[in-house]
Amino acid sequence: PVMITGDHPLTARAIGSAIGLTGDDGEVILGRELEAMDEPALRQAVARCNVYARVAPEQKLRIVKALQANGQVVAMTGDGVNDAPALRAADVGLAMGRNGTDVAREAADIVLLDDNFATIVEAVRFGRGVVSNIRKFITYILVANLSEAAPFLAMVAFRIPAALTVMQILAVDLGTDVLPALGLGAEQPEPGLMHQPPRPRQAPLLDGSVMRRSYLFLGLLEASFSMSAYLLVWHRAGVSIPELQALAPQLLTHNAPAHLQTLQLQASSAAFTTIVLTQVGVLLACRSEWRSVWRTLREPNAMLWFGIASELLLLSALVLVPALGSLFSMVPFPPELLSWLLLAPLLIVLADDLRKHWLRRRIAAAASVKPSTQGQRASSGSRWSAEQIDSRTTGDGSSAASWRNRSSSSGCTSRRSAASLPPTSSAATSAAGARKQGPLLRVLSGAHRAHRGDTNLLDHAIRHDGHRLNLFDIEKDH
């Protein structure tokens with residue numbers, strides 16, 4: 001996180017220390033020093049320094065470009081005419097809607113209607129939630145695709161009849177899976193989402209982790225369960241796999257005796273039912289990529305539960321209603337098999353929870369071996385991991401900000417953004433020779449919002465040159 005201000009360096013250092021950007025004796029680079037730097041020196045400076053004072057408009061632009069040259073994604077906020085070049089050059093420019101100038105709003109990509117930095121953090125949180133939900137949706141669909149392809153792969157490899165028909169596959173893709181998948185898209189952002197580092201700009205949504213989880217883990221389990229259910233029906237009827245291979249040509253051409261064709265319909269119905277029931281377990285497992293299913297059950301999502309109910313109702317209708325059954329080649333299978341089929345979603349959930357537990361332990365072990373140094377402060381040695389920026393309204397209606405500096409081994413994010421914080425009513429007085437009241441500072445920050453429990457707000461006063469500047473409410477952890 002980086003703070004840029006046109007104010008006195010002592011003021012900038014005091015505020016930077018209060019909000020956790022730097023220590024009491026941390027480095028503050030002045031505008032005249034920036035002017036004397038060439039581009040390589042400036043890139044090195046922005047990599048180590050978080051606070052800048054007495055900065056001119058053209059120097060803000062240089063800082064933004066230097067951060068981008070270092071591989072950072074920069075979001076710049078501003079309200080004045082002199083902020084326009086930096087707003088335009090940043091990856092995302094955000095202008096103040098209430099107090100911003102028309103020039104700043106035209107140069108920006110996004111306009112903040114409430115002039116509240118907390119809105120930026122909330123928008124980032126929901127943006128990450130959308131990306132996470134897309135990954136969940138893709139995982140859910142790919143798992144079903146593998147289980148639908150498995151019967152035909154088994155038919156080719158083992159010379160047995162296909163466990164599913166084309167109409168049954170369409171019933172899954174266009175019927176039972178539609179509403180549950182939409183429910184995943186309606187999930188709220190997960191707790192702790194803002195503690196994760198930002199995704200690389202070139203990272204695809206369909207990456208290796210999604211493919212491995214979909215095809216090599218959940219998909220294989222679901223395909224195995226459905227094929228097992230299909231073979232179980234034949235096994236209960238006394239037909240072994242070699243005998244089933246011998247009967248395959250007759251069943252595929254519909255020339256087999258009637259009782260064998262009925263057994264094929266029952267076995268196919270059992271395989272279809274297993275896929276649908278297992279997809280319920282996959283749906284619950286996909287609500288989070290790292291948290292246990294039992295934790296996510298307490299989180300409301302009416303659309304998801306409605307999707308599960310509709311999925312089960314449609315499954316019952318396809319199997320039990322003769323008119324629909326004849327259209328989709330399904331008949332009721334022996335009721336005693338249902339208790340075994342109901343184990344499939346539970347086993348999927350338990351297996352994925354074990355995988356998540358192993359993944360969490362692996363990440364924790366890697367973090368303990370190689371702790372993150374990103375966000376480390378030069379003077380204090382502490383880390384900036386997650387800052388809670390919560391909108392507070394002062395007596396005159398202007399917004400203040402409360403920041404929480406929390407110690408964490410995760411370090412801060414590499415994403416940079418910028419915000420303009422309007423002064424509180426008590427910040428109008430400054431040191432002798434201070435400029436007229438206006439936006440006091442600009443912040444380039446990767447601030448992450450975290451809602452954790454109840455906290456007390458302490459009115460924090462910063463004294464400078466004998467004048468009291470009530471600038472921030474510093475949030476005290478219990």
Side-chain angles (χ1 to χ4, degrees), residues 1-2 17 19-23 26 47-50 70-73 121 124-125 128-129 131-132 135-136 139 189-205 207-214 216-218 285-299 349-389 403-417 445-453 455 475-478:
V2 177
S17 176
I19 63 178
L21 288 176
T22 185
R48 71 173 188 273
C49 184
N50 295 337
N70 286 344
Q72 306 291 342
V73 178
V121 181
V124 172
R125 190 171 73 92
R128 290 188 172 195
V131 174
S132 177
R135 289 170 58 89
K136 298 171 186 177
T139 302
E190 293 187 57
L193 191 62
M194 295 296 285
H195 291 279
Q196 300 178 27
R199 295 172 61 250
R201 185 179 300 185
Q202 298 82 11
L205 286 173
D207 58 10
S209 63
V210 172
M211 297 291 286
R212 287 190 296 271
R213 187 186 185 197
S214 302
L216 300 182
F217 188 74
L218 294 176
C286 286
R287 295 188 73 182
S288 176
E289 294 187 40
W290 64 87
R291 291 187 302 145
S292 170
V293 169
W294 316 113
R295 291 183 178 272
T296 61
L297 288 177
R298 295 174 291 183
E299 299 172 2
V349 167
L350 293 177
D352 196 58
D353 267 9
L354 289 175
R355 186 196 64 85
K356 292 175 183 177
H357 178 70
W358 171 81
L359 187 61
R360 289 193 300 266
R361 288 177 61 90
R362 182 181 177 185
I363 294 175
S368 63
V369 172
K370 186 179 180 180
S372 173
T373 58
Q374 190 177 13
Q376 187 173 5
R377 302 190 194 98
S379 59
S380 63
S382 59
R383 290 186 177 90
W384 183 282
S385 69
E387 303 83 25
Q388 184 175 10
I389 300 92
W403 298 62
R404 183 167 73 183
N405 179 17
R406 303 176 62 204
S407 175
S408 172
S409 62
S410 62
C412 79
T413 176
S414 63
R415 184 179 299 274
R416 309 280 181 136
S417 62
S445 169
H448 290 172
R449 189 173 187 180
H451 301 281
R452 294 289 186 272
T455 55
E475 194 171 14
K476 180 180 179 183
D477 290 327
H478 284 295

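The model shown is predicted, which means the values in this text are computed figures rather than measured ones.
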If you measure only the distance, is there a donor-acceptor pair under 3.5 Å linking the side chains of T22 and N50? no

query = Under 3.5 Å, is there a donor-acceptor pair between the side chain of R212 and the main chain of F217?
reply = no

Original post:
T296 side chain to V293 main-chain N or O, any donor-acceptor pair under 3.5 Å?
Top reply: yes

Sorted by chain and number, sequence neighbours left out, side-chain contact (heavy atoms from CB on, under 4.5 Å) with L359 holds for R355, I363

Across all chains, not counting sequence neighbours, the side chain to side chain donor-acceptor pair (under 3.5 Å) partners of N70 are R43

To the nearest 0.5 Å, atom CG of L297 lies from atom CZ of R287 at 7.0 Å

task = May I ask you to say whether R295 pairs ionically with E190, meaning some side-chain N is under 4.0 Å from a carboxylate O?
result = no

Applying side-chain contact (heavy atoms from CB on, under 4.5 Å) to R362 and not counting sequence neighbours gives W358

*asked:* Please determine whether side-chain contact (heavy atoms from CB on, under 4.5 Å) holds for the pair Q196 and W290, giving the CA-CA distance in whole Å, both sets of side-chain angles, and the decisive distance to 0.1 Å.
replied: CA-CA 12 Å; Q196 300 178 27; W290 64 87; 2.5 Å; yes

Please confirm whether the backbone N or O of V210 pairs with a side-chain atom of S214, one donor and one acceptor, at under 3.5 Å?
yes

- Message: Given 3.5 Å as the limit, does a donor-acceptor pair link the side chain of R199 with the main chain of A203, or not?
- Response: yes

The reported gap from CG in D352 to CG in L218 (rounded to nearest 0.5 angstrom) is 5.0 Å

- Heavy atoms, side chains only, cut-off 4.5 Å: are R128 and P198 in contact? yes

K356 side chain vs A285 backbone, donor-acceptor pair below 3.5 Å: yes

| said: In the structure I gave you, are the side-chain heavy atoms of S209 and R135 within less than 4.5 Å of one another anywhere? | reply: yes

- Query: Got a donor-acceptor contact below 3.5 angstrom from the K136 side chain to the C286 backbone?
  - Reply: no

Heavy atoms of S288 and R213 approach each other most closely as O-NH2, 3.5 Å

